[in-house]
Amino acid sequence: MAWLFLFVAGLFEVGWAIGLKYTEGFTRLVPSVLTVAAMIVSLALLGLALKTLPVGTAYAVWTGIGSVGTAALGIYLFGEPATAARLASIGLIVAGIVGLKLVT
């Protein structure tokens, strides 16, 4: 169950990271409220996952999911470059997440 909490926490991290772009410096009310709510949910779920998972593993996986998801959505939503080096780097992060899951 902890891994499920951690995965969903990572998805909410993606949500608030992307949400920051839409807040325009927290000057837009609805995106700002949704972004802060996603932050709270993400941290709460991370906290639940940390009850049983090692902190180093959980934090690395949480930030990894957030990084990969945010980078992918940046490419898709904002037209950020999808160079071979960038995609390979994202692949390395995914490999690290999978590796941590396998050894924990």
Student: Using side-chain heavy atoms (C-beta onward) and a distance below 4.5 Å, is Leu20 in contact with Met39?
Tutor: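 A side-chain contact under 4.5 Å exists here.
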Student: Side-chain heavy atoms nearer than 4.5 Å, only ILVMFWY residues, links allowed to pass through others: does that put Tyr76 and Ile90 together?
Tutor: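 Cluster IDs for Tyr76 and Ile90 differ.
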Student: Do the side chains of Trp62 and Ser42 get nearer than 4.5 Å, heavy atoms only?
Tutor: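 A side-chain contact under 4.5 Å exists here.
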Student: Kindly give the heavy-atom pair with the smallest separation between Ala2 and Ala49, and that separation in Å.
Tutor: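 Between these two residues, the closest heavy atoms are O-CB, 3.5 Å.
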Student: Flag yes if Leu73 and Val68 sit in one hydrophobic cluster, no otherwise; membership is Ile, Leu, Val, Met, Phe, Trp, Tyr, and two members link when side-chain heavy atoms are under 4.5 Å apart.
Tutor: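 No, because Leu73 and Val68 fall into different hydrophobic clusters, even though each may have its own neighbours under 4.5 Å.
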Student: Take atom CZ in Phe78; do more than 12 heavy atoms of anything else shown fall under 6.0 Å from it?
Tutor: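 Yes, the 6.0 Å shell around CZ holds more than 12 heavy atoms from other groups.
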Student: Check whether Val14 and Ile75 end up in the same hydrophobic cluster, where Ile, Leu, Val, Met, Phe, Trp and Tyr are linked by side-chain heavy atoms less than 4.5 Å apart.
Tutor: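 No.
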Student: If I compare all heavy atoms of Ala58 with all of Leu53, which pair ends up nearest, and what's the gap?
Tutor: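 So the minimum-distance heavy-atom pair works out to CB-CB, 4.2 Å.
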Student: Closest heavy-atom contact between Ile93 and Ser67?
Tutor: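 So the two residues come closest at CD1-CB, 4.4 Å.
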Student: Find out if a path of hydrophobic residues (ILVMFWY) with successive side-chain heavy-atom gaps under 4.5 Å connects Phe7 to Val61.
Tutor: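 In one cluster: yes.
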Student: Is there a side-chain contact between Val36 and Phe26 in this structure, where contact means two heavy atoms from C-beta onward sitting under 4.5 Å apart?
Tutor: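 Contact flag for Val36/Phe26 side chains = yes.
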Student: Applying salt bridge (charged side-chain N to carboxylate O under 4.0 Å, His left out) as the test, list every pair that has at least one member in residues 81-91; sequence neighbours left out.
Tutor: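 For residues 81-91: Glu80-Arg86.
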Student: Taking all atoms of both residues into account, what is the closest heavy-atom pair of Ala38 and Gly15, and its distance?
Tutor: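 Between these two residues, the closest heavy atoms are CB-C, 4.5 Å.
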Student: Looking only at non-hydrogen atoms, find the nearest pair between Leu77 and Ile18 and report the distance.
Tutor: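 Residues Leu77 and Ile18, closest heavy atoms: CD1-CG2, 4.1 Å.
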Student: Could you tell me which non-hydrogen atom of Leu46 sits nearest to which non-hydrogen atom of Ala9, and how far apart they are?
Tutor: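 For Leu46 versus Ala9, the nearest heavy atoms are N-CB, 3.7 Å.
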Student: Does a side-chain heavy-atom distance below 4.5 Å link Leu45 with Leu6?
Tutor: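 Contact flag for Leu45/Leu6 side chains = no.
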Student: Run the side-chain contact (heavy atoms from CB on, under 4.5 Å) check on Leu87 and Thr83 step by step: do they pass?
Tutor: CA-CA 6 Å; Leu87 295 175; Thr83 63; over 6 Å; no
Student: Are Thr104 and Trp3 linked by a side-chain donor-acceptor pair shorter than 3.5 Å?
Tutor: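 On atom types as modelled, these side chains do not qualify, holding no pair under 3.5 Å.
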Student: Verify the ring-centre separation between Phe12 and Phe5: is it less than 6.0 angstrom?
Tutor: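 Centroid separation for Phe5 and Phe12: 6.0 Å or greater.
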Student: In terms of hydrophobic clusters joined by side-chain contacts under 4.5 Å, are Val30 and Ile40 together?
Tutor: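 Cluster IDs for Val30 and Ile40 differ.
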Student: Yes or no on side-chain contact (heavy atoms from CB on, under 4.5 Å) for Leu34 and Thr23, after CA distance, side-chain angles and deciding distance?
Tutor: CA-CA 9 Å; Leu34 293 174; Thr23 69; over 6 Å; no
Student: Got a second to check how far Glu13's CD is from Thr63's OG1, nearest 0.5 Å?
Tutor: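 Going from CD on Glu13 over to OG1 on Thr63, the span is 6.5 Å.
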